[in-house]
Amino acid sequence: MVTRRDVARLAGTSEAVVSYVLNNGPRNVAPHTKEKVLRAIDELGYRPNVVARSLRTNRTHTIGLVVPDNANPFFAELAREIEEVAFEHGLTLLLGNAMDDDGREAAYVRTLIDRQVDGLILIPTHGPRTWQSLLAASGVPCIVLDRELDGVEAGHLLIDNEGGAYEATRHLLEHGRRRIGCIAGPEDIHPSVDRVAGWARALREAGVDPDQMPIAYGPFGRRHGYLGALDLLFRENRPTALFVAGDLMAFGVMRAVAELGLTIPGDVAVCSFDGIVGTAYTIPSLTTMRQPLEVLGRRAVERLVHQIKGETGHEREVLAARLIRRGSCGCPDTIEGVSHAG
């Protein structure tokens, strides 16, 4: 078995210098010496004992990410951005899929803490969160995305959901639509509640009573979008536009509109929220409030790294979504706004 001493002998240096190169230690190693060490590692096929190194440094160089449902393209695309930045920092990402189940979410949080990850990034489900006390007691560095988490010392990265929904609804109003219904998410999670609030605020400012506008609450998914749209569009004096609180739901909405023999945007203008890649490739392409996934992913990992190092990172940060104007609202049809993942 090749040892660190063998690497040092071949490179003509000390074991300490080899250790500095392997661990990016505090001592500056001359570039030519570092190159000799790396060549020796490659030539000998040396592989450090990761378990032993973890015991010495009290670091595993792994972080955990728990998402509500990785079948949802929004969470899948966000996880991709997080993994890319984690890799840049020499961190391995362990992913847990809660499948919108609090018990499963709690099991992943417990398992990741037991595996001694250096930190956690969490996007909580809307269940009772039975694992919060465990997380608080563990002291594991943590960043929470998308939703508020009280009672835990963690950094928060949030989206201005109310402001984004307000802008989307204002955009529909600017297209001359006055009767604007809403396909909303669950009534008990912050992003959904805030998006409904932004929709209602824009209507009130335009002199439209939101209580007189149709709204359908349900899960963030295609089926709810489909069934909710059928419900709203079958009503007497149907809406001429829909603000949809999530892109997946908007895909279901578009199916329902087609089945009813209506057109988008002619009969019903549609604007949604999230900005996932697939919105650019519908017909017409979907106008949406795009969440800054690249920024979310990078900020989440960088702030977690700061916490792991014992620095700051517990702040609450709110980012803005950006309106991507496309064909579903009446703007020119385009695939503008697709991220690099598209």
J.: Identify all side-chain donor-acceptor contacts of residues 235-246 below 3.5 Å with residues at least two apart in sequence or on another chain.
T.:
residue, atom, partner, partner atom, Å
Arg235, NE, Asp231, OD1, 3.4
Arg235, NH2, Asp231, OD2, 3.1
Thr240, OG1, Arg179, O, 3.4

J.: Tracing side-chain links under 4.5 Å among I, L, V, M, F, W and Y, which residues wind up in one group with Val318?
T.: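 Leu158, listed by chain and number.
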
J.: Kindly state each residue pair satisfying salt bridge (charged side-chain N to carboxylate O under 4.0 Å, His left out) with at least one member in residues 190-200, sequence neighbours excluded.
T.: Arg195-Asp274

J.: Going from CE on Met213 to CZ on Arg178, what distance comes out if it is rounded to the nearest 0.5 angstrom?
T.: 9.0 Å

J.: Under the rule for ring-ring contact (aromatic ring centres under 6.0 Å, His included), what residues qualify as partners of His156, not counting sequence neighbours?
T.: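 Here no residue qualifies.
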
J.: Show me the donor-acceptor pairs within less than 3.5 Å that the side chains of residues 135-144 make with the rest of the protein, sequence neighbours left out.
T.:
residue, atom, partner, partner atom, Å
Ser138, OG, Leu135, O, 2.8
Ser138, OG, Val140, N, 3.2

J.: Among residues at least two apart in sequence or on other chains, which ones pass side chain to side chain contact (heavy atoms under 4.5 Å, CB included) with Val295?
T.: Pro292, Arg299, Leu319

J.: Using the side chain to side chain contact (heavy atoms under 4.5 Å, CB included) criterion, which residues pair with Gln116? Sequence neighbours excluded.
T.: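 By the side chain to side chain contact (heavy atoms under 4.5 Å, CB included) rule, Gln116 matches Thr60.
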
J.: Less than 4.0 angstrom from a charged side-chain N to a carboxylate O is my criterion; do Arg316 and Glu148 meet it?
T.: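 A salt bridge links Arg316 with Glu148.
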
J.: Using the side-chain contact (heavy atoms from CB on, under 4.5 Å) rule, take Glu153 and His314 through it: C-alpha gap first, then chi angles, then the decisive distance, then the call.
T.: CA-CA 7 Å; Glu153 188 177 8; His314 296 96; 3.5 Å; yes

J.: Restricting to side chain to side chain contact (heavy atoms under 4.5 Å, CB included), what partner residues turn up for Pro265, sequence neighbours left out?
T.: Arg177, Ala269

J.: Just grab all the ring-ring contact (aromatic ring centres under 6.0 Å, His included) pairs involving residues 185-220, residues at least two apart or on different chains.
T.: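 Non-adjacent pairs meeting ring-ring contact (aromatic ring centres under 6.0 Å, His included): zero.
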
J.: Starting from the C-alpha separation in whole Å, work towards a yes-or-no answer on side-chain contact (heavy atoms from CB on, under 4.5 Å) for Thr288 and Ile276.
T.: CA-CA 9 Å; Thr288 183; Ile276 63 176; over 6 Å; no

J.: What residues form a side-chain hydrogen bond (donor to acceptor under 3.5 Å, both in side chains) with Glu162, not counting sequence neighbours?
T.: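 By the side-chain hydrogen bond (donor to acceptor under 3.5 Å, both in side chains) rule, Glu162 matches Arg201.
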
J.: Check the side chains of Arg326 and Thr279 for a donor-acceptor pair under 3.5 angstrom, ignoring hydrogens and angles.
T.: yes

J.: Determine whether more than 12 heavy atoms belonging to other residues, nucleotides or ligands lie under 6.0 Å from atom CG of Leu262.
T.: yes

J.: Who passes side chain to side chain contact (heavy atoms under 4.5 Å, CB included) against Asp333, sequence neighbours left out?
T.: Pro284, Ser285

J.: Ignoring hydrogens and geometry beyond distance, is a side-chain donor-acceptor pair present between Thr125 and Asp100 at under 3.5 Å?
T.: no

J.: If the condition is salt bridge (Lys or Arg N to Asp or Glu O under 4.0 Å), which residues does Glu187 pass it with, not counting sequence neighbours?
T.: none

